[in-house]
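Please read these numbers as outputs of a predicted model, since none were measured by experiment.
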Amino acid sequence: MGLFNMSKLREAVAGAADAVQGAAGAVSEAVKEGKAPDIKLPDIKVPDIQLPNVKLPDVLNNGGDAEVLVSLAADEVSSTDALRIYYYLMSADGELHESELERFNDICNEYGMSDATKKEQLSAELNAKLLEHASSISPLVSAMACVDAALYAPSALGEGESPITARLLLWNMLAIAFADDTFDDSERELINHIANRFGVSETILLEMQDCLMTMADIEREERWVKTSNRPYLTIESVVNELEVRKAAVYESIQSLIAL
């Protein structure tokens with residue numbers, strides 16, 4: 001799964017609902033003609049969302065920059081700092097693979113940084129920071145130190161820039177971590193470190209992980225059914241049901257991130 005922002009989530013939910021409504025009409029017509037078989041699908045559990053009251057700590061800043069304190073709430077970071085944190089997450093295991101660099105390039109594009117020179121400058125800056133905080137204990141220690149530096153001395157928002165909430169930041173970090181179908185200990189430790197920094201509970205993180213895994217299961221089933229040799233109406237009925245479930249998961253994700 002890719003990264004999300006709230007407008008994309010709303011569009012995804014609305015789009016899935018529209019697609020299901022349109023397809024349902026076609027299936028209904030097919031049923032009237034006696035062509036659509038009765039399909040029983042395996043249940044895919046969408047997790048129940050129980051949101052605790054969360055008290056978020058104040059964001060500290062080294063220089064007492066009033067503009068930063070006004071621009072960013074206690075549970076927000078700038079998109080520039082979010083990009084830094086995503087890069088540190090990818091570096092937490094001590095290696096930056098080509099696939100991860102390509103992923104970071106895509107993330108930069110999604111965040112409006114499409115200029116190649118600016119991306120190269122940012123990468124060079126972040127590599128220098130990792131070297132500056134290099135640890136003989138573990139690359140994870142270096143990544144955590146760099147993350148703390150970004151969080152405790154936050155960048156001010158640029159003109160027209162939207163802040164990234166703590167929960168959206170954590171969701172995107174989980175999406176990046178799960179992108180290669182693995183979630184190693186260094187990624188888990190860094191994400192938990194940031195969650196603790198913002199006061200986001202382990203319960204919320206586990207629910208986010210459940211949503212990611214549920215969505216991955218749905219997408220795998222969707223890919224499989226679309227390549228199967230089943231009759232068209234059977235495939236269409238299954239896909240429509242999967243779209244309903246996908247929309248429900250998107251709703252759960254939106255609730256987790258927004259509240």
Side chain Ser237, main chain Thr234, donor-acceptor under 3.5 Å:
no

Exercise for the section: Taking the side chain as every heavy atom from C-beta outward, state whether Ile107 and Met90 have any atom pair closer than 4.5 Å. Expected result: yes

- Under a 4.5 Å cut-off applied to non-hydrogen side-chain atoms, are Asn109 and Lys119 in contact? yes

side-chain hydrogen bond (donor to acceptor under 3.5 Å, both in side chains) filter on Lys129, not counting sequence neighbours, yields none

Sorted by chain and number, sequence neighbours left out, side-chain hydrogen bond (donor to acceptor under 3.5 Å, both in side chains) with Glu161 holds for Ser79

Which of Val249, Ile253, Leu174 passes side-chain contact (heavy atoms from CB on, under 4.5 Å) with Leu212? Answer is Leu174

Quick note, salt bridge (charged side-chain N to carboxylate O under 4.0 Å, His left out) partners involving residues 183-192, not counting sequence neighbours, are none

Verify same cluster id: Met213, Leu242 (apolar side-chain graph, 4.5 Å) = yes

Correct closest heavy-atom pair for Ala82 and Ile164 would be CB-CG1, 4.1 Å

With the side chain counted from C-beta on, respond yes when Lys118 and Leu122 share a heavy-atom pair under 4.5 Å apart, and no when they do not. no

Here the gap from Phe178 atom CZ to Met173 atom CE, rounded to the nearest 0.5 Å, amounts to 12.5 Å

Query raised in the report: Given the rule in the side chain to side chain donor-acceptor pair (under 3.5 Å) test, do Tyr86 and Arg103 qualify, once you have shown the distances and angles that lead to the verdict?
Result: CA-CA 10 Å; Tyr86 300 149; Arg103 193 187 315 157; over 6 Å; no

When rounded to the nearest 0.5 Å, the distance separating CD1 of Ile218 from CD of Glu241 is 9.5 Å

- Item | N/O donor-acceptor pair under 3.5 Å between Thr165 side chain and Leu168 backbone | yes

Report task. Check whether any side-chain heavy atom of Leu83 lies under 4.5 Å from a side-chain heavy atom of Cys108, and answer yes or no. Result -> yes

Sorted by chain and number, sequence neighbours left out, side chain to side chain contact (heavy atoms under 4.5 Å, CB included) with Glu95 holds for Asp93, His97

Sorted by chain and residue number, the salt bridge (charged side-chain N to carboxylate O under 4.0 Å, His left out) partners of Arg84 (sequence neighbours excluded) come out as Asp81, Glu125

Original post:
Below 4.5 Å, heavy atoms only, C-beta onward: do Cys211 and Leu256 meet side chain to side chain?
Top reply: yes

Pro163 and Leu157, any side-chain heavy atoms less than 4.5 Å apart: yes

Distance col, row Gln209:CD vs Trp171:CH2, nearest 0.5 angstrom, shows 10.0 Å

Q: Go through the steps to decide whether Asp217 and Glu221 satisfy the test side-chain contact (heavy atoms from CB on, under 4.5 Å), and finish with yes or no.
A: CA-CA 6 Å; Asp217 287 342; Glu221 187 172 357; over 6 Å; no

> Do Asp106 and Tyr111 touch side chain to side chain, with heavy atoms closer than 4.5 Å?
Replying inline: no

**Prompt:** With side chains defined as the heavy atoms from C-beta onward, is the minimum distance between Leu151 and Ile85 less than 4.5 Å?
**Reply:** yes

Residues passing the ring pair (Phe, Tyr, Trp, His ring centres under 6.0 Å) test with Tyr88, sequence neighbours excluded, are none

Please confirm whether Arg167 makes a cation-pi placement over Phe198, using NZ or CZ under 6.0 Å from the six-membered ring centre and within 45° of the ring normal. no

Side chain to side chain contact (heavy atoms under 4.5 Å, CB included) filter on Asn127, not counting sequence neighbours, yields Tyr87, Leu96, Leu130

Apart from Val141 itself, its cluster of hydrophobic side chains linked below 4.5 Å comprises Ile137

Hydrophobic clustering (ILVMFWY, side-chain heavy atoms < 4.5 Å, transitive) - are Leu131 and Leu126 grouped together?
no

Sorted by chain and number, sequence neighbours left out, side chain to side chain contact (heavy atoms under 4.5 Å, CB included) with Ser228 holds for Val225, Arg230, Ile235

When rounded to the nearest 0.5 Å, the distance separating OG1 of Thr214 from CD of Glu207 is 11.5 Å

Contacts satisfying side-chain hydrogen bond (donor to acceptor under 3.5 Å, both in side chains) that involve residues 130-149 (not counting sequence neighbours) are Asp148-His193

Residues at least two apart in sequence or cross-chain that pass side chain to side chain contact (heavy atoms under 4.5 Å, CB included) with Glu98, listed by chain then number, are Leu101, Glu102

CD1 of Ile191 to CG of Asn196, rounded to nearest 0.5 Å, is 12.0 Å

One should read off an interatomic distance between Glu76 CD and Ser162 OG, to the nearest 0.5 angstrom, of 9.5 Å

Scanning both residues in full, the closest heavy-atom pair of Ala156 with Ser78 reads O-CB, 4.3 Å

